[in-house]
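Quick notes on the structure that follows.
Every chain is numbered from 1, with letters handed out A, B, ... down the list of sequences.
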Protein chains: 2
Amino acid sequence: MTAVLNERKEQILRAVVVNYIKTAEPVGSRTVARTHPGGLSSATIRNEMADLEEMGYLVQPHTSAGRIPSQRGYRYYVDNLMDLNELSEDVEEKISSSLSAGKMREIEQIIMNSTRVLSTATNQTSLIMGPQFKKSAFHQLRILPLDEKRGLVVLITDTGFIKNKVIDFQHQLSQSELQQVVSYLNQKLYGLTIDQVTTSLINELKRDLFRRLEILEQAFILLEESLKEEKQIRVFLGGTTNILNQPEFKDVDKIRRMLNLFEQEPLLFKILEDNSSEDDIVVRIGSENEFEDIKECTLITANYRIHDKTLGTLGVLGPTRMDYGKVISVMRRLVNQLNQSLSSS
Amino acid sequence: MTAVLNERKEQILRAVVVNYIKTAEPVGSRTVARTHPGGLSSATIRNEMADLEEMGYLVQPHTSAGRIPSQRGYRYYVDNLMDLNELSEDVEEKISSSLSAGKMREIEQIIMNSTRVLSTATNQTSLIMGPQFKKSAFHQLRILPLDEKRGLVVLITDTGFIKNKVIDFQHQLSQSELQQVVSYLNQKLYGLTIDQVTTSLINELKRDLFRRLEILEQAFILLEESLKEEKQIRVFLGGTTNILNQPEFKDVDKIRRMLNLFEQEPLLFKILEDNSSEDDIVVRIGSENEFEDIKECTLITANYRIHDKTLGTLGVLGPTRMDYGKVISVMRRLVNQLNQSLSSS
DNA sequence: CCTTAGCACTCTACCATAAAGAGTGCTAAG
DNA sequence: CTTAGCACTCTTTATGGTAGAGTGCTAAGG
């Protein structure tokens, strides 16, 4: 399918892509001729560019304009022509300093720092899916009584996350009753992933427990609710205003649609989840994206892990005209750092 | 200072303001004449409008355009002419349903719901300062050991909030050592507001404790850090994309500046805090605002309370051309509901 | 003395037309 | 196969002209 281009065509395609990424203006044959190392005339370049257009790698916005890369052109560039940049010291420093292990104990803090770093280093919008808590396994459950009416449920997973939530008891509970419930639950739930704690399992446990302690109904409902809530995964955003600097978003209507998208967390989650099975960095250009709202954008995603267990996904979203080399370099570096920070805590 | 206008001038000013709020177009004398109950000719209205302009209540964008209200005009309108609307059933229902007490136990949840309701009901951007945790008083501190290396610090305030945070112990602690520390801290801190827990007080406690338990240094540093973090107050935003629907923000550059502002949480906090001492609803029109970035906007704020103790501030931010009556009505209603929901839990 | 009809005047918004500039495709010659 | 030359196309920018909205002023009427 992907026809291989001869070297001259490749060089010309690369020149067009690089130039267009930099200037956001259609690239003409004269400009390419000036950049081209082989010293060809603009007329020759013109012929080659006409060929590249016919093959579908370039597009002309109108008859008397230069060429811009088509989606297929970007794809060929990413797959075959792109150079990965060295990271600037500046970016390097930002990544290692703001994600250094040890300083932060809360995963949310790490994730939020990452969104900021990722968006400023790439000048695009970054989105990071919070840890896939539901894939973690139950390790320990505690209930800390706060006063007669309330308790704090603390849940510890095998990946070392700690989640907690306040619940109201409807009835007063004695210390020993509480103790019984807690140890029963721990025994039953140990080792299951949060995903596996289905409603039917909870109902089963409930029936089982009620034989012993009828009083608990209310507390149980609340526990169930808290679990349900924890299954929901947050998506963190950074640099949403960066799209305003891109000339492809000079239209207020496009901006509106984009910002609207950013406000819909469940949709963002779906978009990121769609790519979460892949192992390395994934580049989705234009209509390669499943979701209608980002079919004019490029989304680059990667997964982050803790001890070889995939926890979530991070992504960079921007116009198809983006600095692929830079973004991919930054993401690769950031994911490494992130994996390291998470695993070492 | 504020000269009182005669009734006819008031009616004309009102007509201009109301019309301009609705249409966002300069209002001409003919339009006012049509709306005016007294049945005057456009020529008469013209004379009056010329007077109002000279007095500084109206402005003309250019010679052959209608008038629009000046900042002073809006101020006069808000102070003397504005009607408070009845809330539509729709809005009424949204407020009472999404903030009904009992359903939610976490204050953050309540606040986030409020931002959503406030922004959709007003079609503006809403911002709510999270509870001023630092004004609450220390009630109880607990440490729940999680494993050898970590513990969960739980802090309960007199207003019933529960904050918690995971800390790493550098050294292993026995149950009884922990118990000693906790009861000592509780004794010392009880009744103080979070604000009053200064660094010097912490240092004093530290010296005191170290005589007994040198081992604790690391844990203490972490506790101190957590407290510092809790003192920081979050600002929640809703409906940030609403400004895109307003014609005064059809300029991409203005949008950028505005959205940039929205990303700077500390600044938003300052803006809201600036008004937090006032008792009722406060309307700041245009340059009446202290902060440069919102001098072209109107900010309407109000405080919410729990048991007569001011916890935080909520605000609506939009162009000076906003539906003052509606926004103020909605805010008044929402604050009442919020106070009720918070106090009843 | 206040109100109002009438009218000249001003300014914006819109449209059409023209000119400049960029870049192409084609042809023919090296 | 490459390239100089040239006619052609299309966009962008500038220009001028017109319609429409609204004003301010003047003079007449109650």
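- When the side-chain nitrogen and oxygen atoms of B:Arg8 are compared with OP1 and OP2 of C:dT3, one or more of them lie within a distance under 4.0 Å.
- Here the C1' atom of nucleotide C:dA13 and the NZ atom of B:Lys250 are 13 Å apart, to the nearest Å.
- Shown are B:Leu244, B:Thr240, B:Leu317; of these, the side chain to side chain contact (heavy atoms under 4.5 Å, CB included) with B:Met258 is made only by B:Leu317.
- A donor-acceptor contact closer than 3.5 angstrom is absent between the side chains of B:Gln71 and B:Thr320.
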Q.
Only Watson-Crick and G-U wobble pairs with both distances less than 3.5 Å should count. Give DNA chain C in dot-bracket notation, marking inter-strand partners with |.
A. ||||||||||||||||||||||||||||||
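- Taking atom CZ of B:Arg30 as the reference point, atom P of C:dT4 lies 14 Å away to the nearest angstrom.
- Taking atom CD of A:Glu25 as the reference point, atom P of D:dC10 lies 20 Å away to the nearest angstrom.
- Contact annotation: B:Arg67 side-chain N/O to D:dT23 OP1/OP2 distance is under 4.0 Å.
- Contacts of A:Ser42 with the nucleic acid, taken as non-hydrogen atoms under 4.0 Å apart, are absent.
- Between B:Glu25 and B:Tyr20, the shortest heavy-atom distance links the atoms O-CD1, 3.1 Å.
- Looking only at side-chain heavy atoms (C-beta outward), A:Glu290 and A:Lys295 stay at 4.5 Å or farther from each other.
- Taking every heavy atom of both residues into account, A:Ser29 and A:Ser42 meet most closely at CB-O, 3.6 Å.
- The six-membered or imidazole ring of B:Tyr324 lies near that of B:Tyr74, with a centre-to-centre distance under 6.0 Å.
- Distance, A:Glu48 CD to D:dC1 C1': 11 Å, rounded to whole Å.
- No side-chain heavy atom of A:Arg321 sits less than 4.5 Å from a side-chain heavy atom of A:Ile68.
- For B:Ala43, counting side-chain heavy atoms from C-beta on, the closest listed nucleotide (C:dA5, C:dC11, D:dT3) is C:dA5.
- Rounded to whole angstrom, the span from the CD1 atom of A:Ile68 across to the C1' atom of C:dT24 amounts to 16 Å.
- A straight line from CG of A:Leu58 to P of C:dT24 spans 11 Å, rounded to a whole angstrom.
- Put simply, the side chain of A:Thr63 and the base of D:dC10 share no donor and acceptor less than 3.5 Å apart.
- When rounded to the nearest whole Å, the span between CD of A:Gln60 and C1' of D:dT9 equals 10 Å.
- Across all strands, B:Thr44 comes closer than 4.0 Å to base atoms (heavy-atom distances).
- For the pair A:Asn47 CG and C:dA28 C1', the interatomic distance rounds to 13 Å; values are reported in whole Å.
- The listed nucleotides are D:dG24, C:dT4, C:dC11; the one nearest the side chain of B:Ser64 is C:dC11.
- Ranking C:dG6, C:dT4, D:dA4 by closeness to the B:Arg46 side chain, first place goes to C:dG6.
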